[in-house]
J.: 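Structure incoming, see below.
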Amino acid sequence: MSSRGAVLSTQRIVIFGGLGAGAIAAQSIAALASAGAALELAGFLNDAMPRGERICGAPVLGTFADWRGLDRDVGFLAPLHKAKAMPSRRHLVEALGVPPQRWRSVVDPRSAVAADAVIGEGCFIGPFATVAPGASLGRHSVVRAGAHVSHDCAVGDFVFIGSNAVVSGWATLRDGAYVAPSAAIRDRCQVGRFAVVGLGAVVVRDVPDFAVVAGSPARQIGTVAALEGS
Ligand SMILES: CC(C)(COP(=O)(O)OP(=O)(O)OC[C@H]1O[C@@H](n2cnc3c(N)ncnc32)[C@H](O)[C@@H]1OP(=O)(O)O)[C@@H](O)C(=O)NCCC(=O)NCCS
């Protein structure tokens, strides 16, 4: 395994969001800059906070819609994942209309990502996370601090893997799946589209699309409301 940053050339990054997930990603951008990567956090786009307000020392530059007015060399990250709201959050990101080439992946320099792991555009890998050989992540997926994505796992688009969660070998997390902190997924298990695995849950059998599961062993306790077309 090797530690590395995904952003190799000088780059300004703007984060959609703010306090919470945005601030966490900002810490990794700062760590990459401290480690010598030629990049900087240019600011945030936020629909709730006023322009000029500062988050982690960087300014709110405008609302989500204002991305179109930013310089063409600015890249974007949108860590907007939320349990039970993944269908609407994914729709929100897609509806922005940001061209694929302007999304950036941020890989914290303290993470360990295997050289052959595939990381899609717009992903965020937090500090002390590990992504093992043969694993793949789609677009806009997040692996939070200390989480482990084991060998040969297939992680789809817009998936959230919370801090210290363990996704065992050959597991599959389908598009929009949400794995809360400290959950564990048994090897070869599949977590369905937009399904939620609760805090500390131990998944030992496949989780259906849109199911909410919790406990050890994990059992279904609810469902996620689908968006039309999701
Ligand atoms: C799984 C989860 C989505 C369920 O939330 P919810 O649908 O609002 O469900 P409730 O809190 O009403 O709980 C329903 C039942 O399941 C139980 N339950 C909920 N989460 C549980 C968990 N993680 N483990 C065990 N039982 C759990 C509750 O105790 C409750 O049981 P009861 O009916 O006997 O009282 C939520 O508990 C969760 O884990 N959210 C993720 C939070 C997260 O990721 N935070 C970190 C962000 S970085």
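Worth saying up front: this structure is predicted, and the values here are computed from it rather than measured.
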J.: Measure across Ala135 and Val149 and return the closest heavy-atom pair with its distance rounded to 0.1 Å.
T.: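 Of all heavy-atom pairs spanning Ala135 and Val149, the closest is CB-CG1, 4.1 Å.
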
J.: In terms of hydrophobic clusters joined by side-chain contacts under 4.5 Å, are Ile119 and Val179 together?
T.: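 Same cluster: Ile119 reaches Val179 through Ile, Leu, Val, Met, Phe, Trp or Tyr contacts under 4.5 Å.
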
J.: Verify the cluster assignment for Phe158 and Val212: are they in a single hydrophobic cluster under the rule of side-chain heavy atoms below 4.5 Å apart?
T.: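 Shared cluster, yes.
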
J.: Are side-chain heavy atoms of His151 and Trp170 found at a separation under 4.5 Å?
T.: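 Yes. Closest side-chain heavy atoms under 4.5 Å.
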
J.: What pairs with Asp187 under salt bridge (charged side-chain N to carboxylate O under 4.0 Å, His left out), at least two apart in sequence or on another chain?
T.: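 Asp187 satisfies salt bridge (charged side-chain N to carboxylate O under 4.0 Å, His left out) with no residue once adjacent residues are dropped.
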
J.: For Cys189 versus Asp206, what's the shortest heavy-atom pair and its separation?
T.: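 Where Cys189 meets Asp206 most closely, the heavy atoms are CA-OD1, 3.5 Å.
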
J.: Are Ile29 and Trp103 in one and the same hydrophobic cluster, where Ile, Leu, Val, Met, Phe, Trp and Tyr link if side-chain heavy atoms are under 4.5 Å apart?
T.: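 Same cluster: Ile29 reaches Trp103 through Ile, Leu, Val, Met, Phe, Trp or Tyr contacts under 4.5 Å.
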
J.: What do you reckon, is CZ of Arg102 surrounded by more than 12 foreign heavy atoms closer than 6.0 Å?
T.: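 Yes, the 6.0 Å shell around CZ holds more than 12 heavy atoms from other groups.
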
J.: Would you say the side chain of Ser168 lies within less than 4.5 Å of the side chain of Ile185, judging by non-hydrogen atoms?
T.: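 Side-chain contact under 4.5 Å: no.
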
J.: Without placing hydrogens or testing angles, list every side-chain donor-acceptor pair under 3.5 Å for residues 71-81, not counting sequence neighbours.
T.:
| unit_1 | atom_1 | unit_2 | atom_2 | d |
| --- | --- | --- | --- | --- |
| Asp71 | OD2 | Arg12 | NH2 | 2.9 |
| Asp73 | OD1 | Arg12 | NH2 | 2.9 |
| Asp73 | OD2 | Arg12 | NH2 | 3.4 |
| His81 | NE2 | His140 | O | 2.7 |

J.: Answer whether the closest heavy-atom distance between the side chains of Leu45 and Leu70 falls below 4.5 Å.
T.: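 Counting from C-beta outward, Leu45 and Leu70 do come under 4.5 Å.
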
J.: CZ of Arg188 to CG of Asp152: how many Å apart, nearest 0.5 Å?
T.: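 Spacing of CZ (Arg188) from CG (Asp152) equals 8.5 Å.
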
J.: Please say yes or no: joined through hydrophobic side-chain contacts below 4.5 Å, possibly via intermediate residues, are Leu61 and Leu41 part of one cluster?
T.: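 Yes, Leu61 connects to Leu41 through the hydrophobic network.
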
J.: Taking only residues two or more places apart in sequence, or in another chain, which ones meet Arg174 in a side-chain hydrogen bond (donor to acceptor under 3.5 Å, both in side chains)?
T.: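 Arg174: side-chain hydrogen bond (donor to acceptor under 3.5 Å, both in side chains) contacts with Gln190.
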
J.: For Val60 and Pro50, work out which heavy atoms get closest and say how close.
T.: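 In terms of heavy atoms, the two residues are closest at CB-O, 3.5 Å.
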
J.: Val93 and Ile24: same hydrophobic cluster, using ILVMFWY side-chain contacts below 4.5 Å?
T.: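 Val93 and Ile24: one cluster.
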
J.: With sequence neighbours excluded, tell me which residues meet side-chain contact (heavy atoms from CB on, under 4.5 Å) with Ser182.
T.: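 Here the qualifying residues are Asn164.
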
J.: Does any part of the side chain of Ile125, heavy atoms only, come nearer than 4.5 Å to the side chain of Leu137, both counted from C-beta?
T.: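 Heavy-atom side-chain distance check passes, below 4.5 Å.
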
J.: Main chain of Leu96, side chain of Trp67: is a donor-acceptor contact present, judged purely on distance under 3.5 Å?
T.: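 It does hold such a pair.
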
J.: How far apart are the closest heavy atoms of Phe44 and Ala26, and which atoms are they?
T.: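 What the structure gives for the nearest pair is CZ-CB, 4.0 Å.
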
J.: Applying side chain to side chain donor-acceptor pair (under 3.5 Å) as the test, list every pair that has at least one member in residues 42-60; sequence neighbours left out.
T.: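 Listed by first then second residue: Arg51-Asp66.
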
J.: Spell out, as yes or no, whether a donor-acceptor pair under 3.5 Å connects the side chain of Ser105 to the backbone of Gly120.
T.: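 Yes; at least one donor-acceptor contact below 3.5 Å.
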
J.: Could you name each residue pair satisfying salt bridge (Lys or Arg N to Asp or Glu O under 4.0 Å) that touches residues 16-37, not counting sequence neighbours?
T.: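 Every candidate salt bridge (Lys or Arg N to Asp or Glu O under 4.0 Å) pair involving residues 16-37 fails, so no pair, neighbours aside, qualifies.
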
J.: Extract all donor-acceptor atom pairs below 3.5 Å that involve side chains of residues 214-224 and protein atoms in other chains or at least two apart in sequence.
T.:
| unit_1 | atom_1 | unit_2 | atom_2 | d |
| --- | --- | --- | --- | --- |
| Gln220 | NE2 | Gly222 | O | 3.0 |

J.: Are Phe160 and Arg144 side-chain neighbours, meaning at least one heavy-atom pair lies under 4.5 Å?
T.: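 Side chain of Phe160 against side chain of Arg144, heavy atoms only: contact under 4.5 Å found.
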
J.: May I ask you to list the residues sharing a hydrophobic cluster with Leu227, side-chain cutoff 4.5 Å, ordered by chain and number?
T.: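 Members other than Leu227 - counting any ILVMFWY side chain reachable under 4.5 Å - there are none.
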
J.: Which residues pass the side-chain contact (heavy atoms from CB on, under 4.5 Å) test with Asp209, sequence neighbours left out?
T.: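 Here the qualifying residues are Arg193.
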
J.: Who passes side-chain contact (heavy atoms from CB on, under 4.5 Å) against Leu19, sequence neighbours left out?
T.: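 Here the qualifying residues are Met49, Ile55.
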
J.: Do the side chain of Ser111 and the main chain of Phe128 share a donor and acceptor less than 3.5 angstrom apart?
T.: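 No: the side chain of Ser111 does not pair with the backbone of Phe128.
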
J.: Of all the heavy-atom pairs spanning Phe210 and Pro87, show the shortest one and how long it is.
T.: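 Shortest heavy-atom separation between Phe210 and Pro87 comes out as CE2-CG, 4.2 Å.
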
J.: Please list, chain by chain and in numerical order, all residues satisfying side-chain hydrogen bond (donor to acceptor under 3.5 Å, both in side chains) with Asp157, sequence neighbours excluded.
T.: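 Listed in chain order: Arg139.
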
J.: Can you list the residues that meet the side-chain contact (heavy atoms from CB on, under 4.5 Å) rule with Gln27, with sequence neighbours excluded?
T.: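 Partners of Gln27 by the side-chain contact (heavy atoms from CB on, under 4.5 Å) criterion, ordered by chain and then number, come out as Cys56.
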
J.: State, yes or no, whether a side-chain contact exists between Leu92 and Phe64 at a heavy-atom distance under 4.5 Å.
T.: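 Yes, close enough: below the 4.5 Å cut-off.
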
J.: Using only atom types and a distance under 3.5 Å, with no angle test, would you say the side chain of Ser141 pairs donor to acceptor with the backbone of Gly156?
T.: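 It does hold such a pair.
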
J.: Could you report the tightest heavy-atom contact between Ala132 and Ala117, atom names first, then the distance?
T.: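 Residues Ala132 and Ala117, closest heavy atoms: O-CB, 4.1 Å.
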
